Amino acid sequence: MESGIFRQIPKMDRLLEGAAVRAEAEGLPRAEVRLAVRRELDRLREELAAGAAMPAEEDLDRRLARAVREAGQPRLRRVVNATGIVLHTNLGRAPLSPEAAEHTARIAAGYSNLEYDLETGKRGSRNDLAEQLLCRVTGAEAAMVVNNNAAAVFLALHTHARGKKVAVSRGELVEIGGAFRVPEIMRASGAELMEIGTTNKTHPEDYRQALESGAQAILKVHTSNFRVTGFTASVEVEELAELAQEYGVPLFYDLGSALPVRKELLGLPEGIFAGDAAPLCDVCCFSGDKLFGAGQAGIVLGRTEAVAAMKKNQLARMLRVDKMTLAAVEHTARWYLDPERAVAAVPALRMIRADGDELKQRAQDLARRLTELCPCCEFAAVPCADAPGGGALPGVELPGWAVAVRHGAKGADELEGFLRGRDAPVIARIRDGRLLLSVRTVLREDEPAVERAFAELEKEA
Ligand SMILES: *Cc1c(COP(=O)(O)O)cnc(C)c1O
């Protein structure tokens, strides 16, 4: 009986001749098309075995065509972030500003002076390209860009603290994103971890005792993704800088998510400002794709000799960045020469600082447009809770606005899956059984993709 229904599936050659499949297969390697069809047929067989009915040949053609189209698309795709989480780690963290993206694409598509000094016509260093700018923006003496912030922490410790005892507060031995664990990175770098204080409280006296009993460096880590509340104490970087100087040991600071300016320049509720930390530390570092708003990178700031030694480290070559990353970092850093302009131009910052009334208006407008396009759903603008994400500003909730969607027949889960399955996937979240599209993180240019998704839903109904 089972094999009977399987035999109703047309032969491969006939399926490949289907009108829809042929249209999608145009320009694709034949082997890729066959593979996509074969995989989809496997899926169909599973469904048939589970009792599904054999689709009509036209429907099967359309279904296979869809699989062929999927196969022809890159796996890494642009998606619409309607989650309200600005620095969503799973969705690529910070989006570049269109200007930075355009500059990056131009650099990527041609030759560049990546390691060529245009003044002398001789070999140059990629390390010099963004350094001056990063120093001007942050006030640091020297700067360097590496693969990511984990690499920056590793390189700082490997260069300056290999075989040395490094004091770290127990309250700062964090794990970030499931893969970055401070103790592991330290071990890999050859530094010896000296845990001090307790999980909730570490006092200046704890650092002093550690230094008295042989600590040769201090590492401070921003506890990006959690917050200890209640009876807590930690030692601020200002005080650590004094202790480090008194004992003549280097001070390192992993800022995690940071802005490359000083605190008073931006009216954010709180946060980490590399411009405040850099003058106090031998080396501090932060992620390029968190609050800063460029691509994946680790921005290293520090004293001239300390950074120079890191550049000379043989391992720096393994951690170095490509021209595309440097293009994005330099272009983004430029905005911060005028911090107010950065807030308007860097998408992640603009989203975090978005005005509540404006969000409400956008949610209402979008709900109205979607109601026209897709009468099979009900749309309503509702308040929601957004978040900076990416370990920026832990515990901070951003009051936002979303379009809540209810479908006549489909549940929220099914709706969520439908939106996720579009050619331009729309990633939404479900709260209290309702599907929410938070407008804070939907880029203006991505709104048509949301509208298209609901127009398709209506067509299916
Ligand atoms: C995010 C984060 C890291 C890891 O940064 P990547 O750029 O993802 O490598 C390290 N430390 C802290 C405190 C962080 O918040």
Side-chain angles (χ1 to χ4, degrees), residues 138-142 144 149-176 180-224 226-228 231-256 258 263 272-286 298 300-310 312-313 315:
T138 59
E141 281 180 20
M144 179 184 187
N149 188 37
V153 176
F154 172 84
L155 190 63
L157 293 172
H158 186 269
T159 307
H160 297 289
R162 206 162 1 127
K164 292 185 178 166
K165 293 189 172 75
V166 181
V168 189
S169 162
R170 286 198 170 84
E172 298 177 359
L173 290 173
V174 298
E175 172 180 301
I176 287 143
F180 178 89
R181 284 183 155 192
V182 173
E184 303 293 332
I185 291 275
M186 291 189 69
R187 208 184 339 269
S189 75
E192 191 184 324
L193 169 62
M194 207 171 164
E195 295 181 31
I196 64 165
T198 60
T199 308
N200 61 331
K201 284 196 179 193
T202 303
H203 304 283
E205 222 14 65
D206 295 317
Y207 284 97
R208 190 176 287 283
Q209 260 175 32
L211 291 162
E212 288 293 341
S213 53
Q216 294 153 292
I218 298 173
L219 170 67
K220 183 170 175 65
V221 182
H222 180 57
T223 51
S224 296
F226 74 103
R227 192 180 248 190
V228 181
F231 283 102
T232 67
S234 62
V235 184
E236 294 306 320
V237 64
E238 289 82 1
E239 210 161 342
L240 290 182
E242 281 173 25
L243 276 168
Q245 195 172 25
E246 186 182 332
Y247 284 84
V249 302
L251 171 62
F252 308 108
Y253 192 176
D254 171 8
L255 293 151
K263 194 193 230 121
I272 289 296
F273 295 88
D276 294 331
L280 300 168
C281 305
D282 289 86
V283 177
C284 69
C285 56
F286 59 94
V300 176
L301 305 171
R303 300 204 201 295
T304 308
E305 323 78 66
V307 176
M310 287 171 67
K312 281 206 203 89
N313 189 324
L315 297 188

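On a predicted model such as this, the values are computed, not experimentally measured, just so you know. Only this structure's heavy atoms are used, side chains among them; waters, hydrogens and symmetry mates stay out.
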(request) Rounded to the nearest 0.5 Å, what's the gap from OG1 on T198 to CZ on R170? Could you check? (result) 8.0 Å
(request) Side-chain contact test, heavy atoms from C-beta onward, threshold under 4.5 Å: evaluate it for F154 versus L315 and give yes or no. (result) yes
(request) Work out which heavy atom in M144 is nearest to a heavy atom in V307; give both atom names and the distance. (result) CB-CG1, 3.9 Å
(request) Flag the pair I185 / D254 as yes when at least one side-chain heavy-atom distance between them is below 4.5 Å, and no otherwise. (result) no
(request) State, with a plain yes or no, whether a side-chain heavy atom of C281 is found less than 4.5 Å away from one of V237. (result) yes
(request) Output, in order, the C-alpha distance, side-chain angles, deciding distance and verdict of side chain to side chain contact (heavy atoms under 4.5 Å, CB included) for L155 and N313. (result) CA-CA 8 Å; L155 190 63; N313 189 324; 3.7 Å; yes
(message) In the structure I gave you, are the side-chain heavy atoms of R208 and E246 within less than 4.5 Å of one another anywhere?
(response) yes
(request) State, with a plain yes or no, whether a side-chain heavy atom of P204 is found less than 4.5 Å away from one of E242. (result) no
(request) With rounding to the nearest 0.5 Å, note down the distance linking CZ in R187 to CD in E184. (result) 4.5 Å
(message) Which heavy atom of P250 sits nearest to which heavy atom of Q216, and what is that distance?
(response) CD-O, 3.3 Å
(message) If I compare all heavy atoms of P183 with all of V174, which pair ends up nearest, and what's the gap?
(response) CD-O, 4.4 Å
(request) Identify the two heavy atoms, one from F252 and one from A217, that lie closest to each other, and give their separation to 0.1 Å. (result) CE1-CB, 3.9 Å
(request) Please report the closest heavy-atom contact between L301 and A278, naming both atoms and the distance. (result) CD1-CB, 4.0 Å
(message) For a 4.5 angstrom cut-off between non-hydrogen side-chain atoms, does E305 reach E141?
(response) yes
(message) I'd like to know if the side chain of E172 and the backbone of K220 have a donor-acceptor N/O pair within less than 3.5 Å.
(response) no
(request) With rounding to the nearest 0.5 Å, note down the distance linking NZ in K165 to CG in L211. (result) 12.0 Å
(request) Flag the pair S169 / Y207 as yes when at least one side-chain heavy-atom distance between them is below 4.5 Å, and no otherwise. (result) yes
(request) Please round to the nearest 0.5 Å and tell me the distance separating atom CG of D276 and atom CD of E238. (result) 7.5 Å
(message) So V153 and V221, do their side chains get closer than 4.5 Å, heavy atoms only?
(response) no
(message) Checking D282 against H160: is there a side-chain donor and acceptor pair closer than 3.5 Å?
(response) no
(request) Calculate, to the nearest 0.5 Å, the distance between atoms CD1 and CG belonging to I218 and L240 respectively. (result) 5.5 Å
(request) Decide yes or no on side chain to side chain contact (heavy atoms under 4.5 Å, CB included) for V283 and T159, but give the supporting numbers first. (result) CA-CA 11 Å; V283 177; T159 307; over 6 Å; no
(request) Heavy atoms only: give me the nearest G171-T223 pair and the separation to one decimal. (result) O-CG2, 3.2 Å
(request) Could you grab the distance from atom CG of L219 to atom SG of C284, nearest 0.5 Å is fine? (result) 11.5 Å
(request) Begin with the C-alpha distance, continue with both residues' side-chain angles, and end with the deciding distance and a verdict on side chain to side chain contact (heavy atoms under 4.5 Å, CB included) for Q209 and I196. (result) CA-CA 9 Å; Q209 260 175 32; I196 64 165; over 6 Å; no
